[in-house]
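Keep in mind that the numbers below use all heavy atoms, side chains included, and drop hydrogens, waters and symmetry copies.
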Amino acid sequence: MLAINFHPFPILETDRLLLRRIDTSDADVILDLRGNPELMKYIPRPLAKTREDALAFIEMVDTNWETNTAITWSITLKEESTNIGNIGFYRIQPENHRAEIGYMALTEYHGKGYVTEAIHAILTYGFEQLQLHSVEAVIDPNNSASERVLQKNGFVKEAHLLENEMWNGTFLDTVIYSLLKRNYTK
């Protein structure tokens, strides 16, 4: 079993990005992300409606980090110190050396390669520092943009589960993509 320890908080850097700890100064961006119905349409979670909802999300992220059960980074543009989204490892399975990845970015930063770059950074961290064996992403089958970004990072489709999740009284399909450590290339 893996011994997960995110302390001290790992700050990751790429050519254009700084992946840093989310804090209360990010509340407006979190509200913009999690309160936007278009951005949340493939994420079966309640919309954030108030700044307090955003702060509650930040508190949850902090608790998950403190207890080493999950980690979320702010995706920040280095040159501008602008928070454009978040990314993290969720549903970590230490007994299986596996973690789920999740990410989102503000609409105006889509299609510029930022999420691809951020995914690459946390995969390197996950495989090299955490010693994960595999990373998965669970997405809505209609989310073709997410599918493309995963494929760019070497993920392969493992499964399409039919009506396996209920949200707001409707059964939804999910698709699982994964990447094994041995198939990861820097």
Side-chain angles (χ1 to χ4, degrees), residues 2-36 39-40 42-43 45 47-48 50-94 98-132 135-139 145-146 149-150 152-155 179 181 184-186:
L2 288 179
I4 302 294
N5 184 0
F6 298 123
H7 301 269
F9 191 94
I11 297 171
L12 309 178
E13 194 171 334
T14 70
D15 289 342
R16 302 180 296 166
L17 303 174
L18 184 68
L19 304 183
R20 61 161 176 81
R21 188 173 175 185
I22 292 176
D23 61 42
T24 55
S25 70
D26 297 310
D28 291 337
V29 172
I30 298 297
L31 184 57
D32 288 346
L33 287 164
R34 300 190 70 82
N36 182 323
L39 289 175
M40 293 293 289
Y42 299 121
I43 302 171
R45 303 285 180 274
L47 284 177
T50 65
R51 183 172 171 79
E52 289 70 33
D53 291 342
L55 290 169
F57 174 81
I58 293 168
E59 184 178 331
M60 179 200 64
V61 163
D62 232 26
T63 299
N64 289 341
W65 169 74
E66 287 170 4
T67 59
N68 292 306
T69 54
I71 187 167
T72 304
W73 289 268
S74 163
I75 304 172
T76 305
L77 298 180
K78 267 203 260 190
E79 292 183 10
E80 304 165 21
S81 296
T82 303
N83 178 346
I84 65 166
N86 56 59
I87 189 166
F89 286 126
Y90 314 98
R91 296 185 189 137
I92 297 172
Q93 302 171 31
R98 188 170 174 101
E100 181 181 337
I101 190 175
Y103 44 83
M104 48 186 329
L106 295 168
T107 307
E108 58 266 32
Y109 297 99
H110 289 186
K112 296 178 178 13
Y114 294 124
V115 172
T116 298
E117 198 170 317
I119 289 173
H120 185 76
I122 75 163
L123 287 174
T124 299
Y125 173 78
F127 290 134
E128 293 181 3
Q129 302 301 313
L130 297 179
Q131 295 300 307
L132 293 172
V135 175
E136 70 180 19
V138 180
I139 66 170
S146 190
V149 80
L150 291 168
K152 283 181 190 175
N153 277 284
F155 283 75
L179 178 63
K181 182 177 184 177
Y184 174 68
T185 55
K186 285 187 176 181

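Using a 4.5 Å heavy-atom threshold, the side chains of Tyr114 and Tyr103 count as separate. Side-chain contact between Leu19 and Ile122 is present, with at least one heavy-atom pair separated by less than 4.5 Å. The shortest side-chain heavy-atom distance between Leu17 and Trp73 does not fall under the 4.5 Å cut-off. No side-chain heavy atom of Thr72 sits less than 4.5 Å from a side-chain heavy atom of Asn64. In this structure, Thr116 and Asn153 have side chains that are in contact, with non-hydrogen atoms separated by less than 4.5 Å. Side-chain contact between Phe89 and Ile4 is absent, with no heavy-atom pair separated by less than 4.5 Å.
Residue Glu59 places its CD atom among 12 or fewer non-hydrogen atoms of other residues, nucleotides or ligands, all under 6.0 Å distant. At most 12 heavy atoms of other shown residues, nucleotides or ligands fall within 6.0 angstrom of atom CD in Glu79.
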Open item on the list: The test is side chain to side chain contact (heavy atoms under 4.5 Å, CB included); show your working for Phe57 and Leu33 and say whether it passes.
Closed with: CA-CA 11 Å; Phe57 174 81; Leu33 287 164; over 6 Å; no
Open item on the list: One pair to check against side chain to side chain contact (heavy atoms under 4.5 Å, CB included): Val115 and Lys152. What are the steps and the verdict?
Closed with: CA-CA 10 Å; Val115 172; Lys152 283 181 190 175; over 6 Å; no
Open item on the list: Show, in sequence, the C-alpha distance, side-chain angles and deciding distance for Arg21 and Ile11, and conclude whether the side chain to side chain contact (heavy atoms under 4.5 Å, CB included) test is met.
Closed with: CA-CA 7 Å; Arg21 188 173 175 185; Ile11 297 171; over 6 Å; no
TODO: Please report the C-alpha distance between Val135 and Phe155 in whole Å, then the side-chain angles of each, then the deciding distance to 0.1 Å, and finally whether the side chain to side chain contact (heavy atoms under 4.5 Å, CB included) criterion is met.
DONE: CA-CA 9 Å; Val135 175; Phe155 283 75; 4.0 Å; yes
Task: Working for side chain to side chain donor-acceptor pair (under 3.5 Å), residues Ser74 and Asn83 - done: CA-CA 6 Å; Ser74 163; Asn83 178 346; 3.2 Å; yes
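Residues Phe6 and Pro10 approach most closely at O-CD, 3.4 Å, considering heavy atoms. When all heavy atoms of Glu136 and Val138 are compared, the pair lying nearest together is OE2-CG2, 4.0 Å. In terms of heavy atoms, Ala121 sits closest to Leu12 at O-CD1, 3.9 Å. For Asn36 against Thr107, the heavy-atom pair with the smallest separation is ND2-OG1, 4.3 Å. Looking at every heavy atom in both residues, Arg51 comes nearest to Ala27 through NH1-CB, 3.2 Å.
Screening Ile22, Ile84, Leu106, Thr14 for a side chain to side chain contact (heavy atoms under 4.5 Å, CB included) involving Ile75 leaves a single residue, Ile84.
Between the OG1 atom of Thr124 and the CG atom of Leu130 there is a distance of 11.5 Å, given to the nearest 0.5 Å. Atom CD of Glu128 sits about 7.5 Å away from atom NZ of Lys181, to the nearest 0.5 Å. In this structure, CG on Leu150 lies 5.5 Å from CD1 on Ile139, to the nearest 0.5 angstrom. For the atom pair Leu55 CG and Leu31 CG, the distance stands at 9.5 Å (nearest 0.5 Å). Of the inter-residue distances, the one linking Ile92 atom CD1 with Glu100 atom CD reads 10.5 Å to the nearest 0.5 angstrom. Leu179 contributes atom CG, which lies 8.0 Å from atom OG1 of Thr185 (distance to the nearest 0.5 angstrom).
For Phe127, the ring-ring contact (aromatic ring centres under 6.0 Å, His included) partners at least two apart in sequence or on another chain are Tyr184. Considering only residues two or more places apart in sequence or on other chains, Met40 meets the side chain to side chain contact (heavy atoms under 4.5 Å, CB included) condition with Arg34, Ile43, Arg45, Leu47, Met104.
A salt bridge is absent between Asp15 and Lys78: the closest approach of a Lys/Arg side-chain nitrogen to an acidic carboxylate oxygen does not fall below 4.0 angstrom.
Using modelled atom types, no side-chain atom of Thr76 and backbone atom of Ser81 make a donor-acceptor pair closer than 3.5 Å. Looking at His110, its side chain does come within 3.5 Å of a backbone N or O of Ala105 through a donor-acceptor pair.
The aromatic rings of Phe9 and Trp65 are tilted relative to each other, their planes meeting at an angle between 30° and 60°.
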